[in-house]
Amino acid sequence: MDFSQIAAEGQRFLPYFHTAKKYDILMFMEHKKALHWADQTAEKIIAEWGEKDLYTCASGITPSGTVHVGNFREMISVELVVRALRDRGKNVRFIYSWDDYDVFRKVPLNMPQPELLEKYLRFPITMVPDPWGRDKSYARHHEVDVESVLPQVGIYPEFIYQADRYRAGTYAEGMKRALEMREHLKTILDKYRDEDHKIQGEWWPVAVFCSNCNRDTTEIDGWDGDWGLSYHCDSCGHRETGDLRTLKGAKLVWRVDWPMRWNFEKVDFEPAGKDHHSQGGSFDTSKHVVEEVYGRKPPVTFRYDFIGIKGSPGKMSSSKGKVVDLPDLLRVYQPEIVRYLFAGTRPNTEFVISFDLDVIKIYEDYDRTERIYWGAEKAKDEEVRAREARIYELSQVTKVPSAMPYQVPFRHLCNLLLIHQGDIDKLIATLPALTEEQEKLIRQRAVCAWYWVQECAPEDFRFAVKEPGDKAELTDDEIRAVRSLRDSVVVKLETFADEKMIAEAVYKAAELAGTDPKLLFRASYQALIGKDQGPRLAGFLGAIGKEKVLAILSAY
RNA sequence: GGGCCGCUAGCUCAGUAGGUAGAGCAACGCCCUUUUAAGGCGUGGGUCACAAGUUCGAAUCUUGUGCGGCUCACCA
């Protein structure tokens, strides 16, 4: 692009282009910057590390309890960045670290058999039994819960099990290096501590699970400057001098462990929660450690915020200590929409995941984004269109469907399901012919909608169509209104061109019966569903079906 | 005490290429002789917390102030 072109184009965007500063012009020339935060992060990673054959993106947590939506935010944030990198043709390794060699510190409130678990405090969580008896350990149970559900939302990391790594001696070199740099590490960790909190007395960058009783209640007695490490256990009195390469219980303390692994795996990107991301926090000290002790630049990062919950994910889940996890989300939101929630929100902003009436709005928002992507709805401007389209792409579990999905608004879907008492096959039968792909998505959405209606929606949202013969208590006026509706509208329901025509006929029916339309509506809803209100009557009659409505109303 | 984040319409929030302030809901109005839990159209409404600075131009960048929140300094 030569300068005259820039100038011409610049005039369009910058009315004051002719007087703009050089800085403004430079900014303008770079204006093709990525719109989505995942793309921006991907570009930052590439800019920071340069062109590489392989980029490593990492995430991980300690499975010391139920892995909740907050933890999930980290996984999906990384996954979105991984996709953005891959979309740029990069080769990416996406690792997820299960820190299952951490100590079992306290028993979470929502665990079964707390007395049993109590006995294993101070053990590594990988050696605590699974209180459900399903998996080989407490840690494994939580890992399996997550690993089995992630594919549903299109997330496929390479899992790394830290207990296995440490016990296999994988990090022996890293531990030795930390011991050599012991004094320097101490200085780094003390940097942001005030006088009262400086490390007191002897400090070791390694800790040991006792080989006799498995607890971490040990103290280091010495290091021989090479591979030999001595310790004793305060619980069982065991004393031992082991070799770092074979001493299975030895591990690095957290703030050294993390940076050591950044170096070991050559991590280029890893976000962290806000608890890690303040000065003196673990990400901050780890940054110093990886540079000064392991000689590697810290990864590109960002801070993600916490997630709040609004409404209840189900009637049964109000027990104490209940945390909301990914399966809870998937019962109410179809997988694309789970991804959409996270892809559509910048990681460093807090947001709430709703299980109440907001669910309807979230579905509507997603549908709108979908229409914009497919050009079925105009976006305000090109920028909005491009951003919405990108969010839509990133929200897909695999790839974008081959044609625009058939949209059934969530609220309408709920009503249809209530009419058909949750029978999805019957519901599908009322829709126009769909492709296999479209039907699959509707079925998925219907399962969520039905769960939501039954478990999360407010009581007055639900209704059930009466069975013929189940007669409502109506006054004479009401009975007259219902008869009028039946005889002047329902009997020729199929002759109306559209819902609007039916609506008109409904009002005409009230007039014929000599009653207020209000009364007719109330009476009709009472007769059909036993409530004072319901979905818009005109469409509702058609949805229930002429035969069934007649069968019900014939009692009057 | 250190650090971080937020403060935009009545409410919930978009708005991080600096270029005339936006959406949804609420409100108000009009229309379809009819909003009964998927009606349509339209209108009003903001000192973008406050102050100063940079700039031709600031919600946007800088500094300071206020209010609210989070986080670290013990452990991961």
Side-chain angles (χ1 to χ4, degrees), chain A residues 10 12-21 23-24 26-35 37 40 61-62 64 99 101-106 125 189-200 207 216 251 253-255 257-258 273-285 303 305-306 310 344-346 348-352 354 357-358 360-361 364-365 368 380-381 383-384 387 408-415 418 457-458 460-463 499-511 517-522 524-525 531-540:
Chain A
R12 274 190 15 235
F13 288 85
L14 306 171
Y16 298 92
F17 192 81
H18 56 288
T19 55
K21 288 272 148 81
Y23 176 79
D24 288 325
L26 286 174
M27 288 310 291
F28 166 72
M29 289 169 73
E30 284 180 17
H31 85 277
K32 45 193 185 300
K33 210 164 142 189
L35 284 167
W37 60 264
Q40 289 166 357
I61 63 151
T62 303
S64 57
D99 299 341
Y101 214 34
D102 288 351
V103 193
F104 189 44
R105 190 161 273 105
K106 65 173 190 225
I125 51 176
L189 297 188
D190 265 343
K191 194 168 168 185
Y192 291 102
R193 301 179 195 204
D194 60 30
E195 283 313 311
D196 295 341
H197 295 96
K198 296 279 188 220
I199 294 169
Q200 307 292 319
D216 77 336
K251 59 169 292 194
V253 299
W254 164 244
R255 283 174 187 247
D257 171 62
W258 201 11
K274 61 176 171 183
D275 47 340
H276 297 292
H277 260 288
S278 60
Q279 201 171 69
S282 55
F283 195 96
D284 190 53
T285 52
R303 188 188 66 100
D305 218 308
F306 295 158
K310 189 157 161 274
T345 314
R346 277 198 311 277
N348 65 349
T349 44
E350 196 174 321
F351 75 102
V352 298
S354 298
L357 288 168
D358 289 356
I360 297 170
K361 186 179 184 311
E364 282 172 359
D365 288 349
R368 182 167 169 274
K380 197 178 72 179
D381 55 48
E383 188 178 321
V384 169
R387 187 168 45 231
V408 182
F410 193 77
R411 174 168 223 146
H412 183 56
L413 186 58
C414 290
N415 285 335
L418 283 160
D460 59 357
F461 200 91
R462 288 186 281 277
F463 62 82
E499 258 183 56
K500 199 170 164 107
M501 302 292 284
I502 299 175
E504 279 178 30
V506 168
Y507 280 86
K508 191 71 63 72
E511 204 177 299
K518 267 195 179 128
L519 184 140
L520 178 140
F521 280 110
R522 204 192 81 87
S524 306
Y525 288 121
K531 303 182 74 158
D532 283 351
Q533 303 183 347
R536 301 183 121 238
L537 195 55
F540 193 40

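Numbered from 1 within each chain, the chains take letters A, B, ... in sequence-line order.
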Rounded to the nearest Å, what distance is computed from the [atom1] atom of residue [X] to the [atom2] atom of nucleotide [N]?
{"X": "A:Arg368", "N": "B:G22", "atom1": "CZ", "atom2": "P", "value": "16 Å"}
{"X": "A:Lys191", "N": "B:C72", "atom1": "NZ", "atom2": "P", "value": "19 Å"}
{"X": "A:Lys361", "N": "B:C11", "atom1": "NZ", "atom2": "C1'", "value": "13 Å"}
{"X": "A:Arg522", "N": "B:A37", "atom1": "CZ", "atom2": "C1'", "value": "17 Å"}
{"X": "A:His276", "N": "B:C74", "atom1": "NE2", "atom2": "C1'", "value": "15 Å"}
{"X": "A:His412", "N": "B:G39", "atom1": "NE2", "atom2": "C1'", "value": "15 Å"}
{"X": "A:Glu364", "N": "B:A37", "atom1": "CD", "atom2": "C1'", "value": "12 Å"}
{"X": "A:Phe410", "N": "B:A38", "atom1": "CZ", "atom2": "P", "value": "14 Å"}

Say we look at [N] and [M]: how far apart would their [atom1] atoms be, to the nearest angstrom?
{"N": "B:G44", "M": "B:G29", "atom1": "C1'", "answer": "10 Å"}
{"N": "B:A38", "M": "B:G42", "atom1": "P", "answer": "22 Å"}
{"N": "B:C74", "M": "B:U12", "atom1": "C1'", "answer": "39 Å"}
{"N": "B:U33", "M": "B:A26", "atom1": "P", "answer": "24 Å"}
{"N": "B:G15", "M": "B:C75", "atom1": "P", "answer": "38 Å"}
{"N": "B:U47", "M": "B:A59", "atom1": "P", "answer": "13 Å"}
{"N": "B:U60", "M": "B:U16", "atom1": "P", "answer": "12 Å"}
{"N": "B:A9", "M": "B:A21", "atom1": "C1'", "answer": "11 Å"}

Contacts under 3.5 Å, N or O only, protein and nucleotides 3-9 of chain B:
none

Let's test this: given Watson-Crick or G-U wobble pairing with both distances under 3.5 Å, identify the partner of [N].
{"N": "B:G68", "value": "B:C5"}
{"N": "B:C25", "value": "B:G10"}
{"N": "B:G46", "value": "none"}
{"N": "B:A59", "value": "none"}
{"N": "B:U36", "value": "none"}

Q: Answer yes or no: does atom NZ of A:Lys106 have more than 12 heavy-atom neighbours from other residues, nucleotides or ligands under 6.0 Å?
A: no

Q) Can you name the ring-ring contact (aromatic ring centres under 6.0 Å, His included) partners of A:Phe410, sequence neighbours left out? A) A:Tyr363, A:Trp452

Q) Of A:Gly281 and A:Trp254, whose nearest nucleotide on RNA chain B comes first from the 5' end? A) A:Gly281

Q.
Between A:Tyr507 and A:Arg387, which residue's closest nucleotide on RNA chain B lies nearer the 5′ terminus?
A. A:Arg387

(Q) Side chain of A:Arg411 only, heavy atoms from C-beta on: which candidate in B:A37, B:U36, B:A76 is closest? (A) B:A37

(Q) Quick check for you: among B:A76, B:A73, B:A37, whose closest atom lies nearest to any side-chain atom of A:Asn415? (A) B:A37

Q. Any side-chain donor-acceptor pair under 3.5 Å between A:Arg255 and A:Thr285?
A. yes

Q: Would you check if the side chain of A:Lys251 reaches a backbone N or O of A:Tyr101 as a donor-acceptor pair within less than 3.5 Å?
A: yes

Q. What residues, two or more places apart in sequence or in another chain, satisfy side-chain hydrogen bond (donor to acceptor under 3.5 Å, both in side chains) together with A:Thr345?
A. none

Q.
Test of understanding: with side-chain hydrogen bond (donor to acceptor under 3.5 Å, both in side chains), list the residues that count as partners of A:Arg105, not counting sequence neighbours.
A. none

Q. Atom CG of A:Asn415 and atom CZ of A:Phe463: how far apart are they, to the nearest 0.5 Å?
A. 4.5 Å

Q) Taking only residues two or more places apart in sequence, or in another chain, which ones meet A:Arg303 in a side chain to side chain contact (heavy atoms under 4.5 Å, CB included)? A) A:Lys274, A:His277, A:Asp305, A:Asn348

Q. What residues, two or more places apart in sequence or in another chain, satisfy side chain to side chain contact (heavy atoms under 4.5 Å, CB included) together with A:Ala509?
A. A:Ser484, A:Ser488, A:Val489, A:Leu520

Q) Which part of the nucleic acid, if any, lies within reach of A:Asp257 when heavy atoms closer than 4.0 Å are counted: base, sugar-phosphate only, or nothing? A) nothing

